[in-house]
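Following: one structure in structure tokens, then a few remarks.
In this text the structure is predicted, and so the values were computed from the model without any measurement. Start at 1 with the first residue, then count along the sequence. Numbering of ligands and ligand atoms starts at 1, following listing order.
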Amino acid sequence: MKVITTINELQQELEKHRVLNKKIALVPTMGYLHEGHMTLAKAARQENDLVVMSDFVNPTQFGPNEDFESYPRDLDRDEKIATEVGVDYLFAPTVDEMYPDDGGIRIEAGPASKILCGATRPGHFNGVLQVVSKLFHIVQPTNAYFGQKDAQQLALIQLMVRDYNFPVTICSVPIVREEDGLAKSSRNVFLTDAEREQAPVIQQALQQAKADFLKHHDKEQAIQIAITMIENQTSGHVDYLELRSYPNLQEIHPETNQFLLATAVYFSNVRLIDNILFSNEEIR
Ligand code: PAF
């Protein structure tokens with residue numbers, strides 16, 4: 001595996017493969033790799049000839065009071081993990097390499113970026129789409145891999161690709177879960193023992209809400225069931241729990257056929273997210 005820090009060098013390397021018609025995968029990350037990233041890279045490895053992983057803590061997706069400076073970074077560790085999972089090129093540019101001047105061009109992610117997680121992180125998804133579109137142009141991948149855990153991010157990237165005709169296929173990889181159903185996250189280690197024991201209720205509550213919605217088609221009732229379950233059976237506090245159309249993330253209506261049931265729950269200062277994507281095929 002080769003670590004590359006400049007756009008020019010990466011593009012020259014990739015050109016050698018592109019002329020041979022190789023299938024190129026992109027796995028965008030902010031580094032400090034964990035199991036979720038490894039699952040994405042393994043899927044990319046299986047389905048492509050060449051795997052490029054980006055390792056870049058993108059400043060434009062952090063708000064002024066967010067943890068850009070203290071975000072964990074460890075390139076040596078990332079190199080080892082990326083090598084193990086079969087990455088060919090680890091692209092780790094500096095901030096200056098990606099944003100040489102503040103040229104003023106911004107991406108406006110639109111209404112679907114201002115709800116769910118976006119409601120408390122203004123501008124976050126504009127920054128995500130900015131860096132992802134740059135990476136798409138730099139790497140020109142055949143396939144790009146994103147996790148379903150960040151369902152709103154995935155939806156917005158799918159909308160950007162659809163609306164702006166990016167020639168890339170977005171491959172989404174299901175949420176990796178602990179045995180008891182809790183979605184894996186690097187934040188789980190910050191839960192107390194009691195919170196860790198309660199946290200699987202999040203997924204159980206979403207499943208319960210989904211089952212109720214498929215039976216009664218009553219969105220408010222389904223949501224209330226899940227919120228009550230989480231707040232009665234855990235010490236967690238629900239930040240949001242919503243049922244939306246997917247990928248547009250609009251209010252649902254009788255013709256909606258893809259649904260996202262998503263939540264964010266605070267346990268003390270630890271914010272956990274989880275979701276279920278389902279279709280109305282299951283309603284029939
Ligand atoms: O999901 C992430 O880690 C980041 O938002 C991404 C897609 C790598 C863009 O910086």
Inset, instruction - Run the numbers for me: atoms of ligand 1, each under 4.0 Å from some heavy atom of V131, listed by number. - result: 9 (C), 10 (O)
Inset, instruction - May I ask you to identify the nearest protein heavy atom to atom 3 (O) of ligand 1, giving residue, atom name and distance to one decimal place in Å? - result: M30 CG, 3.7 Å
Legend entry - Heavy atoms of other groups near D193 CG, more than 12 under 6.0 Å: no
Legend entry - Taking atom 2 (C) of ligand 1 as the reference point, the nearest protein heavy atom with its distance: Q153 NE2, 3.9 Å
Legend entry - Heavy-atom nearest neighbour of atom 10 (O) of ligand 1 within options K149, H124, Q61: Q61
Legend entry - Which of the ligand 1 atoms, numbered from 1, are nearer than 4.0 Å to a heavy atom of P28: 8 (C)
Legend entry - R73 to F56, cation-pi by 6.0 Å centre distance and 45° axis angle: no
Inset, instruction - State whether E47 and K23 are salt-bridged, where the test is any N-O pair (Lys NZ or Arg NE/NH1/NH2 against Asp/Glu carboxylate O) under 4.0 Å. - result: no
Inset, instruction - Scan side-chain atoms only and decide if Q207 and Q203 contain a donor-acceptor pair under the 3.5 Å cut-off. - result: yes
Inset, instruction - Quick one: do H37 and Y32 satisfy ring pair (Phe, Tyr, Trp, His ring centres under 6.0 Å)? Show the steps, please. - result: CA-CA 9 Å; H37 299 120; Y32 215 70; 9.4 Å; no
